[in-house]
Amino acid sequence: MGLLERLRKEWFILGIVLVIAAARLEPAVGVKGGPLKPEITITYIAVSAIFFNSGLSLKTEELTSALMHVKLHLFVQIFTLVFFPTAIWLFLQLLSITPINEWLLKGLQTVGCMPPPVSSAVILTKAVGGNEAAAIFNSAFGSFLLGSSSSVPFTSIFSQLFMTVVVPLIIGQIVRRYIKDWLERKKPPFGTISSCVLLMIIYTTFCDTFANPNIDLDKFSLITIVFIIFSVQMSFMFLTFLFSTRNNSSFTPADTVAIIFCSTHKSLTLGIPMLKIVFAGYEHLSLISVPLLIYHPAQILLGSLLVPTIKSWMVSRQKALKLTRQPKAPVKV
């Protein structure tokens, strides 16, 4: 395989490296309030484009089927909102005897209580080719569920989710009805479009990370927290993979992909307002926010890097299952 062909095949990984490097060189371009205005272009336009793209590419029967997949929804929500925070709490009991700053540890606990995001989990599931409809439902439902039960203003959460997720998805489904034949004939690169949007999100996320003065901690605490966060993500992704691929799980490989990303990703959009309300007046609020500020770019980076590996597993697994379901040829006597 030539160098050019190799670069073309791995363009997404190369893109991740380039956008992170660009964010590091000049973070002011992509920060909130900067020239790119990510608080509008990413929070509203990019997220809306993601779900319009999903509505356009998903068959209506796939969305309907995903809504009825109760077992998958229960798995994701219980893992996200019960198992994840409980496991983190138990882990923090061990970390409490270490010299790590106690407010950073409190920040880790709050990370465990966050719902999945409505963008990255869906994009990564789509990039792999997993159950995108299930990812859409669980990402939106998790944010809606936690937001409605917390002190974060319910109306603002519901309206933002409705306008950036539900409305674009419905519009995409309506448009699909009129251009269905053209879509099936031309097969637009929906996955590539979502990947490009993800690169934009990665860029603005890292701009915020590099420009944030709160990340400038002592090296021991910062390196330790980063290591813990990546370890937690990898461990929980592996756990969800094991649980969802057991012989009696009844989940398809595509379901497993949605489960891995939706169960382990955490929302920064909902998380930061929650922290500001719950810890209002705390002088250590900035330290409490640090783990979530690190977790967000880490989950996007790690998930993006694992896309080729998870996709390779899913395709091979689907082929193996297809072969086992084929009827065996009768033996000639």
Side-chain angles (χ1 to χ4, degrees), residues 12 14-54 111 114-127 135-136 139-140 142-143 147 152-153 156-169 192-216 229 261 265-277 285-286 289-305 307:
F12 184 62
L14 180 62
I16 292 174
V17 175
L18 291 176
V19 297
I20 292 176
R24 183 69 184 89
L25 287 172
E26 194 57 58
V29 175
V31 296
K32 290 180 181 178
L36 291 184
K37 300 292 181 185
E39 64 274 17
I40 298 173
T41 56
I42 298 298
T43 304
Y44 292 99
I45 298 175
V47 172
S48 297
I50 290 166
F51 288 97
F52 173 76
N53 188 29
S54 296
V111 167
M114 297 300 163
V118 294
S119 54
S120 61
V122 175
I123 297 175
L124 289 167
T125 300
K126 186 181 184 67
I136 290 172
S139 293
S143 295
V152 177
S156 62
I157 291 172
F158 181 81
S159 59
Q160 183 174 344
L161 285 175
F162 185 77
M163 293 305 298
T164 60
V165 177
V166 180
V167 171
L169 191 66
T192 302
I193 294 171
S194 292
S195 295
C196 290
V197 175
L198 181 57
L199 288 177
M200 289 174 57
I201 294 173
I202 292 172
Y203 172 69
T204 55
T205 299
F206 273 89
C207 282
D208 277 335
T209 301
F210 292 133
N212 196 316
N214 297 329
I215 303 297
D216 187 23
I229 285 173
F261 290 124
H265 279 211
K266 296 296 181 178
S267 175
L268 180 69
T269 305
L270 182 60
I272 292 300
M274 283 182 65
L275 290 178
K276 288 181 178 178
I277 290 173
L285 175 59
S286 59
S289 305
V290 166
L292 183 58
L293 293 172
I294 296 174
Y295 196 99
H296 183 67
Q299 72 188 6
I300 295 175
L301 179 60
L302 183 60
S304 301
L305 292 173
V307 162

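Sequential numbering from 1 along the given sequence is applied to the chain's residues.
- The closest side-chain heavy-atom distance from Ile300 to Ile16 is not below 4.5 Å.
- Using a 4.5 Å cut-off on side-chain heavy atoms (C-beta onward), Lys32 and Thr204 make no contact.
- The structure places OG1 of Thr192 at 10.0 Å from CG of Asn53, a figure rounded to the nearest 0.5 Å.
- Of all non-hydrogen atoms in Lys266 and Gln299, the two that sit nearest each other are N-OE1, 2.7 Å.
- Val122 places a side-chain heavy atom less than 4.5 Å from the side chain of Ser54.
- Annotation for Pro168 and Ser48: closest pair CB-O, 3.3 Å, computed over non-hydrogen atoms.
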Fill in: side chain to side chain contact (heavy atoms under 4.5 Å, CB included) between Leu36 and Met200, worked out
CA-CA 10 Å; Leu36 291 184; Met200 289 174 57; over 6 Å; no
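- Screening Leu18, Val29, Ile42 against Tyr203 for a side chain to side chain contact (heavy atoms under 4.5 Å, CB included) leaves a single residue, Val29.
- Rounding to the nearest 0.5 Å places CE of Met114 at 11.5 Å from OH of Tyr295.
- Of all non-hydrogen atoms in Ala135 and Thr125, the two that sit nearest each other are CB-OG1, 3.7 Å.
- For the atom pair CG of Leu302 and CD1 of Ile229, the computed distance is 11.5 Å after rounding to the nearest 0.5 Å.
- Taking all atoms of both residues into account, the shortest heavy-atom contact from Ala28 to Pro35 is O-CD, 3.5 Å.
- Summarising the geometry, atom SG belonging to Cys207 is positioned 11.0 Å from atom CZ belonging to Arg24; distances are rounded to the nearest 0.5 Å.
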Worksheet item: Between Leu169 and Phe52, does a side chain to side chain contact (heavy atoms under 4.5 Å, CB included) hold up when you go through it step by step?
Response: CA-CA 5 Å; Leu169 191 66; Phe52 173 76; over 6 Å; no
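- Residues satisfying the salt bridge (Lys or Arg N to Asp or Glu O under 4.0 Å) test with Lys126, not counting sequence neighbours, are Glu132.
- When all heavy atoms of Gly33 and Lys37 are compared, the closest pair comes out as O-NZ, 3.6 Å.
- Across Gly15 and Leu199, no two heavy atoms sit closer than the pair C-CD2, 3.7 Å.
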